[in-house]
Amino acid sequence: MNKNFIFPKNFWWGSATSGPQSEGSFNKKHKSIFDYWYEIEPEVFFNKVGPEVTSNFYNSYKEDLAMLKEIGLNSFRTSIQWTRLIKNLETGEADEDAIEFYNNVIDETIKNGIIPVINLHHFDLPVELYDKYGGWESKHVVDLFVKFAETAFKLFADRVKYWTTFNEPIVIVEGQYLYQFHYPKVVNGKKAMQVLYNVNLASSKVVKVFKSRGYDKDGGQIGTILNLTPSYPRDINNTEDVEAARIADTFFNESFLSPAVKGEFPKLLIEILEKEGVIWQSTEEELNIIKENTIDFLGVNYYFPRRVKAKETTCNSKEWMPDKYFDNYEMPGRRMNPYRGWEIYPKAIYDIAINIRDNYNNIPWFISENGMGVEGEERYINTEGIVEDDYRIDFFKEHLENLHKGIEEGANCFGYHTWTPIDCWSWCNAYKNRYGFIALDLETQKKTIKKSGRWIKEVTEKNGF
Ligand code: BGP
């Protein structure tokens with residue numbers, strides 16, 4: 001018998017993108033680390049497609065938002081680019097053209113009956129701040145970010161009620177300071193841990209400004225977006241595997257989740273970092289800011305689980321790395337998305353829901369990204385020109401079924417956003433894998449609703465499937 005999956009009242013059905021991945025860099029006043037990286041190493045990016053045009057949202061936001069309405073979305077996340085909004089990075093003064101653009105986007109979103117959710121940082125540090133101060137290594141940069149946030153609140157918080165500070169902050173640590181998949185590709189465990197601390201501090205300082213200036217009156221809420229990758233041990237009966245998974249979890253999930261929700265860093269993390277001599281520099285005053293400025297709601301990006309086993313290899317790096325404590329484990333028979341190279345494991349969504357319910361105060365949260373990137377979707381275009389992406393519909397259904405089970409068991413989840421509404425630029429993968437409900441023809445910028453776009457419309461109308 002087919003079961004129906006109906007979701008709570010006022011559930012958010014939506015989709016997320018980010019400024020640097022959809023707007024194009026038209027009229028920006030500063031370069032982000034990605035703009036700069038593309039300039040110096042274009043060959044790193046798939047087919048050498050860079051961030052200049054992406055999905056042209058800067059010019060086509062009206063038509064794009066109308067399409068989001070057409071597929072029934074009731075909420076939409078994007079980000080304001082620091083490198084666009086802020087003319088003077090030291091003072092936080094805004095740029096006129098950017099003010100007009102973001103005002104138009106916000107007003108148009110609301111006009112279409114869609115709730116705007118605005119994020120402030122999506123890996124897009126202004127490169128000048130890296131060159132001058134070392135980027136997130138610097139507490140001065142933390143304070144400049146707070147100024148940027150304050151400018152954004154002043155300009156737009158009258159209409160934007162849901163704000164988030166960072167998207168996947170652990171990726172800044174991993175990509176820029178450990179595993180070299182984001183510029184400046186530094187490998188330095190000690191710096192990585194300082195950055196982990198500084199970004200947590202930046203988030204809490206922004207929460208503090210939001211609340212102390214009263215932007216939380218009138219329904220305003222502030223949260224953060226974390227990519228949670230639950231760590232599953234190779235063998236749950238092997239205590240060393242289980243311990244390795246616990247440590248991986250503390251590094252990659254709890255290091256942001258715990259400060260954001262509970263106001264403190266996990267004890268296990270601090271213990272390890274002290275023992276290794278790589279603990280960050282902090283002050284009492286800063287730790288109090290983190291303690292007292294926790295988030296109102298959480299966004300969870302979920303794509304794949306982490307599988308872990310006890311350390312078997314020796315760490316080759318001369319640098320201290322978290323990987324000293326675990327090895328990643330390739331589980332035989334795991335189900336893969338071969339294009340992105342990520343395991344597909346829908347049950348993790350249920351496990352996340354229960355973890356938040358039981359260990360994180362059952363804080364209100366939503367799935368802020370979930371999706372399946374597929375290469376070569378032209379293969380699935382039918383005679384009417386529509387991409388028949390049944391695999392994506394199945395992927396969403398399976399994840400939603402697990403989410404539904406979590407909600408039935410008391411998880412406080414209020415929405416589900418997919419990645420992404422319209423095929424967008426995926427960092428170094430550029431336009432290799434497509435995720436959207438709406439296909440983008442890169443050459444003509446023509447946008448066409450896929451089969452999944454029709455499907456999500458029905459889902460939002462029924463509040464389930
Ligand atoms: C998340 C990011 C997004 C997006 C997505 C898909 O980690 O928040 O920005 O890009 O992953 O991943 P990718 O683009 O690497 O395929």
Side-chain angles (χ1 to χ4, degrees), residues 14-24 32-35 37-38 44-47 49-51 54-55 57 76-83 117-125 164-176 178-183 199 203 223-230 252-253 256 298-306 336-344 348-349 352 366-377 389 391-392 395-396 399 416-437 440 442 452:
S15 216
T17 187
S18 75
Q21 295 176 272
S22 61
E23 286 170 14
S32 73
I33 50 173
F34 275 93
D35 297 323
W37 190 13
Y38 179 70
V44 168
F45 296 78
F46 186 76
N47 285 347
V49 174
T54 64
S55 313
F57 187 70
F76 163 59
R77 171 169 64 108
T78 187
S79 69
I80 290 180
Q81 299 193 67
W82 194 349
T83 50
V117 183
I118 298 293
N119 178 45
L120 293 168
H121 193 81
H122 205 120
F123 316 151
D124 53 345
L125 178 77
T164 57
T165 55
F166 283 85
N167 177 79
E168 303 191 350
I170 191 69
V171 169
I172 300 173
V173 178
E174 295 173 320
Q176 297 182 26
L178 293 172
Y179 309 122
Q180 296 186 290
F181 60 91
H182 284 181
Y183 183 84
V199 172
S203 182
T224 194
I225 307 269
L226 305 181
N227 51 316
L228 299 183
T229 48
F252 299 111
N253 298 318
F256 281 94
L298 174 71
V300 175
N301 293 356
Y302 172 71
Y303 289 91
F304 56 87
R306 178 185 292 275
M336 292 295 287
N337 168 355
Y339 314 101
R340 189 61 183 84
W342 285 343
E343 183 183 341
I344 299 178
I349 282 212
I352 289 169
F366 75 117
I367 289 285
S368 40
E369 287 182 27
N370 179 226
M372 187 180 180
V374 171
E375 189 174 359
E377 285 202 316
D389 52 347
Y391 45 84
R392 179 166 292 114
F395 178 98
F396 289 145
H399 285 81
Y416 179 78
H417 278 190
T418 68
W419 185 265
T420 183
I422 301 171
D423 289 343
C424 70
W425 189 73
S426 276
W427 315 110
C428 293
N429 276 332
Y431 280 91
K432 175 178 172 287
N433 302 315
R434 306 303 185 97
Y435 285 86
F437 287 127
L440 172 78
L442 244 195
S452 61

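Since the structure is predicted, the reported quantities are computational estimates derived from the model, not experimental observations. Counting starts at 1 for both ligands and their atoms, in listed order. Throughout, residue positions are numbered sequentially from 1 according to the sequence presented.
Listed by chain and number, Gln21, His122, Asn167, Glu168, Asn301, Tyr303, Arg340, Trp342, Glu369, Trp419, Ser426, Trp427, Tyr435 each place a non-hydrogen atom less than 4.0 angstrom from ligand 1.
Remark: of the listed residues Ile172, Thr165, Thr224, Thr164, Ile172 is the sole one forming a side-chain contact (heavy atoms from CB on, under 4.5 Å) with His121.
For Tyr179, the side chain to side chain contact (heavy atoms under 4.5 Å, CB included) test picks out Glu174, Phe181, Phe252, Met321, Pro322, Asp323, with sequence neighbours left out. When the ring pair (Phe, Tyr, Trp, His ring centres under 6.0 Å) test is applied to Phe34, the partners found at least two apart in sequence or on another chain are Trp37, His182, Trp427. Applying the side chain to side chain contact (heavy atoms under 4.5 Å, CB included) criterion to Asn429, with sequence neighbours excluded, gives Arg340, Ser426, Lys432, Asn433.
The shortest side-chain heavy-atom distance between Ser368 and Arg77 falls under the 4.5 Å cut-off.
The closest side-chain donor-acceptor pair between Asn370 and Tyr416 falls under 3.5 angstrom.
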